[in-house]
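Okay, so here's the structure we're looking at.
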Amino acid sequence: MRFKGKAWKFGKDIDTDQIIPARYLNTSDPKELAKHCMEDADPEFVKKMQAGDIIVADKNFGCGSSREHAPISIKAAGISCVIAKSFARIFYRNSFNMGLPILECPEAVDSINESDEIEVDIDTGKIVNLTKNKTFNSQPIPPFMQELINTGGLMEWVKKKVKA
Amino acid sequence: MPMTITEKILAEHAGLKEVVPGQLINAKVDIALGNDITAPIAIKEFRESGAKKVYDKEKVVLVPDHFTPNKDIKSAEQCKILREFAKEQELTNYFEGGDVGVEHALLPEKGIVLPGDLVIGADSHTCTYGALGAFATGVGSTDLAACMVTGEAWFKVPESIKFIYKGKLNKWVDGKDLILYAIGKIGVDGALYKAMEFCGDTIENLSMDSRLSMCNMAIEAGGKNGIIAPDKITEDYVKERAKRKYKFYSSDKDAKYSQIFEYDTAKIAPQVAFPNLPENTRNITDVGDVPIDQVVIGSCTNGRMEDLRIAAMILKGKKVAKYVRLIVIPATPLIYKQAVDEGLFDIFLDAGAIISPPTCGPCLGGHMGVLAEGERAIATTNRNFIGRMGHPKSEVYLSNPAVAAASAVKGRIAHPDEVMK
Ligand code: SF4
């Protein structure tokens with residue numbers, strides 16, 4: 001899988017309350033959640049971004065609650081991929097379980113400025129900053145997680161098990 | 001091979017003799033928990049999988065506690081999904097109305113989670129149950145859905161960090177301060193993906209309520225789980241509550257740790273975490289003049305009997321400062337009743353407090369005390385992120401119940417000694 005899009009930069013420790021504030025958690029409808037994506041980090045974000053764009057953040061992205069509403073809102077808003085220096089544990093897990101591509105790559109994060117054009121290859125973990133003409137290799141995704149992605153997420157994996 | 005308590009519990013539930021950090025395992029789950037925010041997604045995914053029955057109706061636990069009593073139509077709809085599912089699946093452990101409490105206070109209290117268990121919960125503070133000597137960790141709704149079907153969950157075995165606390169607690173210091181202190185030292189990702197094992201003579205003498213509030217905040221350091229080896233205090237807590245067998249595990253002497261921290265409790269004063277991260281801790285003596293609009297005493301961190309008793313001790317015969325709202329939220333119906341029986345409600349009401357039914361409520365800015373723009377609260381909860389208790393431009397400071405109660409009286413963040421002369 002390959003994506004090309006514009007980078008939106010965020011700082012460190014972006015928590016799930018900033019990604020999708022709890023005041024919107026009385027629904028789990030992706031379309032509703034998408035409307036408020038990143039709202040408490042940048043209230044204008046949803047208006048500015050376009051489908052296919054990429055979120056680039058510092059360390060510990062997605063810390064805080066276990067709400068899957070966070071990766072759901074990012075995915076439903078049309079973000080193709082999140083690159084960060086590191087991810088909080090449950091967010092990392094949730095993203096794989098539901099098929100939001102995420103990559104850990106501190107060097108790429110440091111080199112990317114807001115609005116840079118970025119190309120990402122999920123299979124190889126290669127990140128190219130087209131604006132700056134620089135290439136980075138992110139941490140490889142563990143084989144079991146690759147299997148999850150290839151089967152289409154955890155529930156697809158479970159469905160197979162149910163049938164078997 | 002020597003193993004930590006976390007590794008032993010994971011190995012046992014994966015049906016393996018031993019496990020090592022980094023290893024991916026599939027493990028059997030003793031208790032799988034969901035709430036009114038996370039369970040609706042899990043239930044939808046469960047249905048889409050084609051499964052008909054949950055793997056064990058005793059083990060899937062649903063607790064609608066976040067926006068209950070239903071704060072609006074949408075939350076009522078979410079709760080209805082849980083209720084109908086619980087009815088259909090005949091779940092033993094479904095709680096609502098006068099039976100519901102904040103999940104992480106409720107499950108230990110009812111003996112649903114026991115020592116040696118492997119617990120997953122679609123709620124990040126599931127790590128609370130480590131206080132009982134269980135492996136407990138927060139997951140997402142999809143993990144919960146998968147577990148409801150298969151009874152299993154995948155894990156990467158975490159490395160463990162050992163936190164040794166030595167010495168007696170200073171006055172007005174409890175478990176909340178011990179954990180805030182550690183988070184202040186290592187940061188909000190200081191234990192990312194790792195197990196946090198708490199030990200030392202301080203912990204051995206620590207009450208169960210304080211142990212629960214410590215393990216509760218392991219996630220605030222990025223930890224996968226917090227854990228305390230079960231002992232006599234654990235035994236006294238669980239023996240009356242348990243309806244099934246449980247098992248005590250402990251770390252081997254020569255088990256491997258990725259890091260070891262040692263803290264001298266003589267140096268630990270009551271802690272206050274400044275906005276907007278739990279790592280922004282200061283000693284209460286270094287806080288300065290911080291006026292407040294609201295005080296919240298409650299949540300899965302500090303809404304238990306010990307917490308309410310300390311707050312009442314400080315508030316007895318005093319008044320909440322003018323223009324300040326003090327909201328007290330007993331975490332479960334049992335705690336609520338016990339607080340009434342012990343006369344704590346009289347003290348709170350005479351002081352001018354508002355008493356809420358058990359709910360998460362303001363802890364996540366849900367209801368029952370949401371903040372306006374520019375308002376500031378001190379709370380015994382666990383998170384002070386931007387907008388956590390309401391408006392994105394409001395502020396939350398975290399503390400133990402003694403500091404929170406004293407602050408309510410003074411109308412600014414205050415040391416308990418200031419009101420207990
Ligand atoms: S009390 Fe707060 S932290 Fe605890 S489960 Fe409820 S919302 Fe989460």
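Hydrogens, waters and symmetry mates are skipped; everything else that's a heavy atom, side chains included, is used. As the structure is a prediction and not an experimental result, all values here were calculated from the model.
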Please say whether more than 12 non-hydrogen atoms of neighbouring residues, nucleotides or ligands are located less than 6.0 Å from [atom1] in [X].
X: B:Lys71; atom1: NZ; result: yes
X: A:Arg2; atom1: CZ; result: no
X: A:Lys4; atom1: NZ; result: no
X: A:Lys85; atom1: NZ; result: yes
X: B:Lys44; atom1: NZ; result: no
X: B:Lys53; atom1: NZ; result: yes

Validation row: [X], [Y] side chains within 4.5 angstrom (heavy atoms):
X: B:Asp123; Y: A:Ser65; value: no
X: B:Asp143; Y: A:Ile90; value: no
X: A:Arg23; Y: B:Pro392; value: yes
X: B:Phe385; Y: A:Asp13; value: no
X: A:Phe87; Y: B:Tyr193; value: yes

Distance (rounded to the nearest 0.5 Å) between [X] [atom1] and [Y] [atom2]:
X: A:Asp15; Y: B:Asn384; atom1: CG; atom2: CG; result: 9.5 Å
X: A:Cys63; Y: B:Glu220; atom1: SG; atom2: CD; result: 8.5 Å
X: B:Thr142; Y: A:Leu154; atom1: OG1; atom2: CG; result: 7.0 Å
X: A:Phe96; Y: B:Trp154; atom1: CZ; atom2: CH2; result: 8.0 Å
X: A:Asn26; Y: B:His66; atom1: CG; atom2: NE2; result: 13.0 Å

Mind ranking [options] by heavy-atom pairs under 4.5 Å with chain A and telling me who comes out on top?
options: B:Thr137, B:Leu277, B:Asp189; value: B:Asp189
options: B:Lys224, B:Glu77, B:Glu45, B:Glu48; value: B:Lys224
options: B:Asn70, B:Val370, B:Asp36, B:Leu364; value: B:Leu364

Region of [X] in contact with chain A, defined by heavy-atom distances below 4.5 Å:
X: B:Ile219; value: side chain
X: B:Ile73; value: neither
X: B:Val188; value: both
X: B:Gln78; value: side chain
X: B:Ile37; value: both
X: B:Thr150; value: side chain
X: B:Asp72; value: side chain
X: B:Glu152; value: side chain
X: B:Asn35; value: neither
X: B:Leu192; value: side chain

Check your understanding: side-chain contact (heavy atoms from CB on, under 4.5 Å) between A:Glu32 and B:Lys74: does it pass, once the steps are laid out?
Key -> CA-CA 12 Å; A:Glu32 277 299 309; B:Lys74 280 184 179 169; 4.3 Å; yes
**Study point:** Least distance between heavy atoms, B:Ala122 atom then A:Ser66 atom
**Key:**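 Heavy-atom minimum between the residues: C-OG, 3.4 Å.
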Review point. Going through the checks in order, is the side-chain contact (heavy atoms from CB on, under 4.5 Å) test met by A:Ile72 and B:Ile41?
Key: CA-CA 11 Å; A:Ile72 290 175; B:Ile41 300 180; 3.9 Å; yes
Exercise for review: Enumerate by number any residue of residues 39-62 of chain A whose heavy atoms lie under 4.5 Å from heavy atoms of chain B; in the absence of such residues, state 'none'.
Suggested key: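 At a heavy-atom separation under 4.5 Å, chain B is reached by A:Asp40, A:Lys59, A:Asn60.
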Check your understanding: Any donor and acceptor pair, going by atom type alone, linking the side chain of A:Asn94 with main-chain N or O of B:Gly140 inside 3.5 Å?
Key ->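 Such a contact is found between A:Asn94 side chain and B:Gly140 backbone.
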Exercise for review: Taking A:Arg89 for its side chain and B:Gly138 for its backbone only, find out whether a donor-acceptor pair lies under 3.5 Å.
Suggested key: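 Judged by distance alone, yes, a pair lies under 3.5 Å.
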Practice item. Start with the C-alpha gap between B:Arg383 and A:Asp17, add the side-chain angles, then the distance that decides, and say whether salt bridge (Lys or Arg N to Asp or Glu O under 4.0 Å) holds. Key: CA-CA 10 Å; B:Arg383 287 192 175 136; A:Asp17 281 277; 5.3 Å; no
**Study point:** Top contributor to chain B contacts, counting heavy-atom pairs under 4.5 Å, from A:Met155, A:Arg93, A:His69
**Key:**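 Top count of heavy-atom pairs under 4.5 Å with chain B: A:Arg93.
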Check your understanding: Where on A:Thr16 is there a heavy atom nearer than 4.5 Å to chain B: the side chain, the backbone, both, or neither?
Key ->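 No part of A:Thr16 comes within 4.5 Å of chain B.
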Exercise for review: Check whether the side chains of B:Thr38 and A:Glu68 place a donor and an acceptor atom closer than 3.5 Å, and report yes or no.
Suggested key: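 Judged by distance alone, the side chains do not pair up.
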